[in-house]
Each structure stands twice: as structure tokens, then as C-alpha cells.
Amino acid sequence: MSNWWKERVVYQIYPRSFQDSNGDGIGDIPGIISRLDEIKELGAGIIWLSPVYKSPDVDNGYDISDYRDINPKFGTMADMEQLFAEAEKRDIKIIMDLVINHTSDEHDWFQKSREKDSPYRDYYIWQPPNADGKAPNNWTSFFMESAWEFDAKSGEYYLHLFHEKQPDLNYRNPKVIEEIKEIMHFWMKKGAAGFRCDVINVIYKSSFDDGIHRMAVTGREHFVSQEGMHEILKELRRDVLDNYDCFTVGESAMVSLKDARLLCNPERKELDMIFYFDHLQVDRLIEKYIPKKFKASKLLNILTKWQQGLDWNAVYLENHDQPRIVSHYGNDGEFWERSAKMLATLLLTLKGTPFIYQGQEIGMTNFDYTSISQMDDLETLGVDRLLRSFWVPAFLRWKWIMPCSRDNARTPMQWSDKLGAGFTTGEPWLGINKNHTRVNVEEQKSRATSIWNFYKNMIILRASNETLKYGDFAPVYSDKQVIAYTRTIQGDEQYAIILNFSDNPGATPFEGSLIGKVVVTNTGRDTYDGTLKPWEAVVLKVW
Ligand code: ISL
Ligand code: CA
């Protein structure tokens with residue numbers, strides 16, 4: 001089977017913030033259909049659709065109450081079928097978000113599971129209280145609370161690595177695995193081209209012993225990347241995925257390169273690629289909420305580790321859980337446009353399948369909210385609660401949380417400068433950034449030098465360039481603000497990519513692989529002499 005998923009660029013849609021079609025302020029499936037032509041025009045060939053399933057929406061759809069039904073806020077199954085059909089007409093494939101570590105507590109399985117003698121009891125992870133009547137162990141969730149919730153109905157605790165309304169499924173129960181296989185077949189038959197597998201490397205819990213005490217996610221050594229997970233992924237691959245022409249990308253929290261190599265080794269037949277977080281945490285202490293100084297050389301070290309460590313990467317700089325990259329590693333003020341293009345150059349010249357998150361192609365920035373009361377994200381609210389318990393003062397909590405909150409990426413898509421940003425004619429579910437009057441698709445499509453057109457051109461360049469797609473990656477130079485790397489097909493072609501992550505001019509040695517003919521810049525220069533303007537990106541054809 002072909003490797004179409006290595007050739008194409010993926011566009012991630014976060015449905016509730018993409019396009020509203022009926023004025024209720026919530027993006028929906030008919031809205032997505034109405035924008036397929038724009039996605040095509042940009043040059044993306046695959047859509048990753050964040051969850052559209054039936055859900056109480058405690059974690060914005062990552063809490064599923066029926067895997068075979070559509071959230072009425074987003075439309076109907078008929079709308080979904082139409083989306084598959086309309087996408088196919090345009091040769092766009094769709095991958096679904098497979099959220100199977102947990103379900104919603106409102107899922108029928110969980111409701112039945114609360115009866116002690118139900119055949120569904122073992123679908124979830126139930127444990128009696130410990131000797132003091134407290135939670136079975138000291139594990140804490142990704143949302144910063146105990147990972148156990150007491151259920152009065154059956155007198156036991158259940159495990160939830162995320163919100164208490166997201167109980168973890170029990171992957172030691174073969175019946176659960178069979179159910180998941182059926183769900184996967186269901187969506188593959190509807191027309192899916194594969195899956196993005198949510199937090200896939202924590203599905204198997206190998207013991208329930210206390211974990212080493214940590215600020216967050218205590219207990220992780222008992223459930224991150226355990227052997228049991230590999231076995232399950234092989235089974236899903238063999239019994240479901242191998243029957244279709246499709247691919248999977250697994251989101252992997254706290255994953256090591258060693259485990260990642262096991263997960264994506266084509267011969268082991270588990271996943272095709274994974275999302276890791278390392279490269280987005282260069283300027284973060286302890287996971288992500290405490291800032292530290294950005295160093296370009298550190299970024300290049302991390303990129304090198306993963307680019308050379310895996311045969312094929314999932315390359316991304318944004319998603320619905322991350323701040324906007326132009327606000328994070330770029331400059332969203334004076335050098336907004338130039339730095340957004342520099343980051344586009346990075347994304348589209350690394351080795352792997354590139355993922356663009358909605359709005360990234362126009363350089364959307366972090367939100368402009370002024371207080372925590374405007375926020376929706378569970379993780380943000382959890383971190384705020386945790387910091388408050390350590391008596392961190394309000395101004396400092398806001399200062400730390402603001403640049404990292406997951407809501408930064410979740411503000412509605414900015415299609416136009418109109419009221420509602422062309423996203424909705426009603427009251428949007430989450431505040432629209434006021435800069436939509438300046439930063440929007442309509443304006444950028446009409447201007448040849450815009451960020452949108454830069455993305456479009458870079459996608460065209462990558463599509464027709466074997467070296468940029470498949471060439472080996474090698475680091476060439478870095479300092480605190482500049483990185484340079486090459487992509488090479490031996491005996492054929494070499495490109496050098498030189499990027500400046502600073503408001504200050506930069507420089508590289510002017511020798512070896514750093515001399516060549518300019519093929520891309522974000523400043524309009526036509527020769528390279530070893531000096532860089534602020535936030536400049538240069539792609540050279542070396543030979
Ligand atoms: O957001 C994170 C890092 O900033 C993670 O801690 C994140 O919660 C983790 O990567 C898991 O994310 C996925 O599963 C969650 C859901 O809330 C996220 O939106 C989803 O991408 C639970 O399903
Ligand atoms: Ca709507």
C-alpha cells in the first residue's frame with residue numbers, strides 16, 4: 001500500500017471553533033463542509049477531526065458517551081456522512097480522533113459498570129478503598145487532582161487519569177478491546193482514513209502500587225508506555241487497521257525516544273507515527289507551566305534527537321492543547337508576520353508528516369483575555385487550583401498560566417474582519433480574539449505576501465520535492481538564537497534551512513553547507529552571506 005500519508009499535509013480541525021453554520025455560536029459539521037474548498041486551496045490532503053461524537057462536553061468532546069453517534073451541537077450522522085463524501089470529492093482524507101483511554105461517565109458502559117455484579121463492571125478500573133477508607137493509591141490525574149473518584153452506588157473507587165467524568169477503561173479486559181475494534185471498524189467503513197489516537201501510551205496500567213510523589217501525574221511509572229500497551233496496539237493493528245489503507249498517529253504523553261522507537265517501528269506493526277511534546281517545552285520547566293529562557297540550540301538538539309531517532313515523525317508546532325506557535329516561539333508583535341513565516345518554514349522542512357492546526361496558517365495568536373473568568377479549559381482551571389493551594393499569588397498565577405493555557409488555541413477561527421470573525425453570526429461559545437480585524441483568512445488570501453500564501457507555497461514546494469520530504473536530517477549550526485540544518489539525499493541533492501528565533505540580527509558561519517542558492521526566504525532576499533535579519537528564514541539549495 002502506498003505511503004500517501006507521508007506525501008500529504010494534515011490540517012487539524014477543532015470543530016467547535018472552526019465554522020458555525022446556524023448562528024448558535026458553536027462550530028459544526030455543515031460549517032466544516034462549507035470550508036473544504038479553503039482547506040483544499042491551502043494544499044492540505046488530510047483532515048484530523050477532533051472529536052465530534054456524542055459527549056457531555058466536559059472536556060470538549062474528549063469525553064465520549066456514544067462512539068457511534070454525533071454530538072447534536074455539531075450535526076447528525078447524515079452530516080458526517082456528507083462530510084466524508086464531500087471530502088472524498090476533493091481528494092481529502094479524514095482521520096478521526098480515537099479517544100479510548102477513557103469514556104465519559106455518561107457512557108452506557110460506565111452507567112452499567114456501577115452495578116457490582118454487572119457484566120460491564122470490569123470495563124472500568126474499580127478498587128475498594130484502602131484500609132483508612134481513602135483512595136486506593138496516591139496517583140494524581142493530568143488535571144492535577146486525585147486520579148480516583150469514590151462512587152457511593154457501589155462503594156468503590158474508579159480510576160480517571162483525566163477528569164472524574166472521564167473514567168479509564170480497563171484494558172486487561174479482552175471484552176473492552178473487542179468493543180474498541182468494533183468502533184474502529186465502524187468508522188473505517190464510514191470512510192475514515194485512520195485515527196489520531198488520544199493519549200494512547202497510557203491505556204495499560206501494569207500495577208496499582210503507589211507512585212513516586214510528583215507535582216503532577218504521580219503514578220506515571222505504572223502506566224506510561226507499559227508492555228501491555230504494545231500488545232494491545234499490535235492486536236488493533238492486526239485485527240482492524242491492516243484491513244484498510246489507513247494510518248495512525250498516536251498522541252504519547254511523557255514518551256521516551258526508546259519507547260517511541262518501539263511504538264513506530266514499522267516492523268513491529270503498532271502505530272505509524274507519534275506526537276511527542278519535547279520540542280514545545282524548550283522554554284518550560286516541570287512539564288509546561290513554569291517558564292524558562294528559550295535557547296535555539298536546545299531546540300535544535302531536541303529536533304535532532306527525534307528527527308534522527310525515528311524513521312518518520314509527526315511534525316507539528318500547534319494543536320488544540322498548545323499555545324499558538326507565533327506567540328510561543330515567535331514574536332506576535334512587531335515581527336508577527338515574519339516570525340510566523342519563519343515557523344512555517346521550520347514546520348514544512350522537517351522530515352515527517354506536517355500537521356497544521358486551524359488558524360496557524362494565518363498566524364493566529366494567543367488569546368487576549370484579561371482574567372481567568374474568561375477561560376474554559378479544564379487543565380488551566382486545574383493548574384490554577386493547584387498553584388492556589390501553594391499560595392501562589394493571583395498575578396503570578398495569571399502570568400504563568402496565560403501563555404500556556406490550552407484555550408489559547410481554542411478561540412474561534414478568524415475568517416474575516418466582520419463582527420463574529422466570519423465564524424458565527426451569533427454569540428461565540430468562547431471569546432474571539434479582537435485582532436481578527438487584522439488577522440483573518442479573507443485578508444490573507446487576497447495578499448500574495450501573506451502568511452497564508454507562504455504556507456500555501458511551502459506546501460507546494462514540499463509536495464514536489466523528494467529531498468524535503470524524504471532527505472536525511474542533519475544539524476549544521478546553532479547558537480542561542482539561530483539554528484541551521486540540512487536535508488540530504490546522498491549523491492543527489494542537499495538543502496540547508498537557516499532560521500533566526502530573535503528580534504536581533506543573527507549570523508552563521510559562511511562555509512560548507514551554509515553556502516548555496518536561496519530558494520525560500522521570508523524577507524525577499526536573493527543571496528545569502530551568513531547574516532540574518534530578525535526572525536529571518538532562509539532555505540538554500542546547497543547542491
Ligand atoms: O495538554 C497537555 C499538554 O499540554 C496534556 O497534558 C494533555 O492533557 C494530554 O496531552 C492529553 O491530551 C489529550 O487527551 C485529553 C484531552 O483533554 C486533550 O485535549 C487531548 O488532546 C484527555 O482526553
Ligand atoms: Ca452551530
Side-chain angles (χ1 to χ4, degrees), residues 51 53-67 71 97 99-116 118 120-130 132-173 176 198-200 202-205 208 210-211 213-220 222-224 251 253-254 287 289 320-321 372 375-389 401 405-407 410:
Y53 317 97
K54 197 165 168 219
S55 164
D57 272 341
V58 167
D59 188 19
N60 291 349
Y62 284 89
D63 49 320
I64 299 169
S65 54
D66 187 342
Y67 290 87
N71 188 333
D97 215 315
V99 187
I100 55 169
N101 174 67
H102 43 270
T103 69
S104 162
D105 65 336
E106 295 179 31
H107 195 291
D108 202 40
W109 298 337
F110 187 76
Q111 286 310 317
K112 290 181 176 147
S113 166
R114 294 177 65 200
E115 308 279 352
K116 259 189 154 158
S118 158
Y120 288 90
R121 184 70 174 174
D122 284 341
Y123 272 44
Y124 295 85
I125 301 171
W126 293 95
Q127 299 256 332
N130 71 10
D132 308 328
K134 302 239 173 64
N137 66 32
N138 68 349
W139 295 5
T140 59
S141 77
F142 282 81
F143 295 148
M144 327 287 155
E145 290 176 304
S146 167
W148 296 94
E149 184 74 11
F150 186 69
D151 178 49
K153 189 166 177 186
S154 59
E156 290 194 342
Y157 283 86
Y158 64 87
L159 180 73
H160 59 90
L161 293 184
F162 292 86
H163 193 264
E164 69 255 27
K165 282 181 71 64
Q166 294 168 299
D168 281 45
L169 285 164
N170 175 16
Y171 279 89
R172 293 162 180 244
N173 181 352
V176 167
D198 191 62
V199 286
I200 199 66
V202 303
I203 58 175
Y204 192 86
K205 286 76 180 171
F208 293 96
D210 275 344
H213 183 76
R214 303 174 200 264
M215 283 277 284
V217 204
T218 292
R220 60 179 75 166
H222 302 297
F223 52 76
V224 170
E251 188 205 24
M254 301 175 290
E287 306 305 331
Y289 277 90
H320 64 294
D321 292 332
I372 193 108
M375 316 281 294
D376 168 81
D377 168 27
L378 279 179
E379 184 184 89
T380 303
L381 301 174
V383 173
D384 188 57
R385 200 171 42 235
L386 180 75
L387 294 176
R388 228 178 322 155
S389 75
I401 288 174
S405 167
R406 305 196 302 179
D407 277 343
R410 299 179 180 184

Show the nearest heavy-atom pair for residues Asn60 and Asp376, with the distance to one decimal.
ND2-OD2, 3.3 Å
May I ask you to check whether Phe110 and Trp126 place their ring centers less than 6.0 Å from one another?
yes
CG-OG1 distance between Asp407 and Thr380, expressed to the nearest 0.5 angstrom:
5.5 Å
Any carboxylate oxygen within less than 4.0 angstrom of a Lys/Arg side-chain nitrogen, looking at Lys54 and Glu106?
no
Look at the rings of Trp148 and Tyr157 and say which category their plane angle falls in: under 30° parallel, 30 to 60° tilted, over 60° perpendicular.
perpendicular
Do the non-hydrogen side-chain atoms of His107 and Tyr123 ever get within less than 4.5 Å of each other?
no
Rounding to 0.5 Å, atoms OH (Tyr67) and OG (Ser55) come to a distance of 10.0 Å
Do side-chain atoms of His213 reach the backbone of Thr218 as a donor and acceptor pair under 3.5 angstrom?
no
Heavy-atom closest contact (Tyr53 atom, Asp97 atom, distance)
OH-O, 2.8 Å
In the structure I gave you, are the side-chain heavy atoms of Arg172 and Tyr204 within less than 4.5 Å of one another anywhere?
yes
Any chance you could measure Asp105, atom CG, to Glu164, atom CD, to the nearest 0.5 Å?
8.5 Å
For Asp63 and Pro56 the tightest heavy-atom approach is O-CD, 3.4 Å
Indicate yes or no: at least one non-hydrogen side-chain atom of Ile125 is less than 4.5 angstrom from one of Phe208.
yes
For Asp377 versus Ser405, what's the shortest heavy-atom pair and its separation?
OD2-OG, 4.0 Å
Worked check of side chain to side chain contact (heavy atoms under 4.5 Å, CB included) between His102 and Val199
CA-CA 10 Å; His102 43 270; Val199 286; 4.2 Å; yes
Could you give me the CA-CA distance, side-chain angles and deciding distance for Thr103 and Tyr124, then say whether side chain to side chain donor-acceptor pair (under 3.5 Å) is met?
CA-CA 9 Å; Thr103 69; Tyr124 295 85; 2.7 Å; yes
Heavy atoms, side chains only, cut-off 4.5 Å: are Gln166 and Ser141 in contact?
no
Any donor-acceptor pair under 3.5 Å linking the side chain of Asp122 with the backbone of Asn173?
no
Centroid-centroid distance, Tyr62 to His320, less than 6.0 Å:
yes
Dump the intermediate steps for side chain to side chain contact (heavy atoms under 4.5 Å, CB included) on Glu115 and Lys153, then the final yes or no.
CA-CA 8 Å; Glu115 308 279 352; Lys153 189 166 177 186; 3.2 Å; yes
Are the side chain of Asp151 and the backbone N or O of Glu156 linked by a donor-acceptor pair below 3.5 Å?
no
From Tyr158 OH over to Glu149 CD, what is the distance, rounded to the nearest 0.5 angstrom?
4.5 Å
Carefully, step by step, assess Leu159 and Trp139 under the rule side chain to side chain contact (heavy atoms under 4.5 Å, CB included).
CA-CA 9 Å; Leu159 180 73; Trp139 295 5; 3.7 Å; yes
Does any non-hydrogen side-chain atom of Asp59 lie less than 4.5 Å from one of His163?
no
Working to the nearest 0.5 Å, report the span between CG of Leu169 and CD1 of Ile100.
8.0 Å
For the side-chain contact (heavy atoms from CB on, under 4.5 Å) test, which of Val202, Asp321, Asn101 pairs with Glu251?
Asp321
What's the shortest heavy-atom distance between His160 and Asp168, and which atoms?
CA-OD1, 3.3 Å
All heavy atoms of Asp57 vs all of Gly61, minimum pair found to be OD1-N, 3.1 Å
How long is the gap from OG1 on Thr140 to CZ on Arg214, to the nearest 0.5 Å?
9.5 Å
